[in-house]
Q: 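Take a look at the following structure, please.
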Amino acid sequence: MRRTVLVGKTNAVPLPAIWEIGSLTAQQVFELMLGVPGGFRSEAEARAAYAAHREQLIDATNPGARPVAFWKYEPAVPQGLRDNPEPADFDDLDRLIAAEELLEKKRVEWLLHNREYWKPGESEELFRWILNIREQNLRWFERK
């Protein structure tokens, strides 16, 4: 039986099969993959779950991407790449999205230069292609 995750107060949405990871609940997977809080009682519990299921969580992401927990809990990740921008820190949506794009660009640059964190099938060409898209997105926000 496919697991579901509660969205809002009443809507249950099937968890993508690729995200059915070990004994983790759907809410725990959503927290580790997307940063949606509510799956764990503490930060220590979330960190331990990431460590236990690290490879499966990373494998469940698209090439060139990593789960939110990767950026939060991998010891080698620089502090400036760990936290997503807080919506409350921005006075409009465009600035928030631009800050998220800039962070994602920096994360891809970090992955490009840290091959030991590459997944099978990832390449310099892939990361440079993703960087180009992020740079185009940032230029669009600069023109607004």
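Computed from heavy atoms alone, side chains included, the values below leave out hydrogens, waters and symmetry copies.
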Q: Counting only heavy atoms not in Gln136, do more than 12 fall under 6.0 Å of its CD?
A: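 More than 12 heavy atoms, drawn from other residues, nucleotides or ligands, come within 6.0 Å of this atom.
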Q: Main chain of Leu138, side chain of Glu101: is a donor-acceptor contact present, judged purely on distance under 3.5 Å?
A: no
Q: Between CZ of Arg54 and CG of Leu57, what distance do you get to the nearest 0.5 Å?
A: 10.0 Å
Q: Per the side-chain hydrogen bond (donor to acceptor under 3.5 Å, both in side chains) rule, what does the pair list look like for residues 83-92, sequence neighbours excluded?
A: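 Qualifying pairs: Asn84-Arg107, Asp91-Arg95.
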Q: Look at atom NZ of Lys119 and say whether more than 12 heavy atoms of other residues, nucleotides or ligands are closer to it than 6.0 Å.
A: yes
Q: Taking Gln28 for its side chain and Thr25 for its backbone only, find out whether a donor-acceptor pair lies under 3.5 Å.
A: yes
Q: Between Arg47 and Ser42 (side chain of the first, backbone of the second, donor and acceptor by atom type, cut-off under 3.5 Å), is there such a pair?
A: no
Q: Rounded to the nearest 0.5 Å, what separates atom CE in Met33 from atom CZ in Arg66?
A: 10.5 Å
Q: Could you list the donor-acceptor pairs under 3.5 angstrom formed by side chains in residues 108-116, with sequence neighbours left out?
A:
{"residue": "Glu109", "atom": "OE2", "partner": "Lys105", "partner atom": "NZ", "Å": "2.8"}
{"residue": "Asn114", "atom": "ND2", "partner": "Trp110", "partner atom": "O", "Å": "2.6"}
{"residue": "Arg115", "atom": "NH2", "partner": "Glu124", "partner atom": "OE1", "Å": "3.3"}

Q: Determine whether the side chains of Tyr117 and Glu122 contain a donor N or O and an acceptor N or O closer than 3.5 Å.
A: no
Q: Could you tell me whether the side chain of Phe70 reaches within less than 4.5 Å of the side chain of Leu81, counting heavy atoms only?
A: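 The answer is no; the side chains never approach within 4.5 Å.
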Q: Any sub-3.5 Å donor-acceptor pair from Arg82's side-chain atoms to Trp71's backbone N or O?
A: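 Looks like yes, one N/O pair under 3.5 Å.
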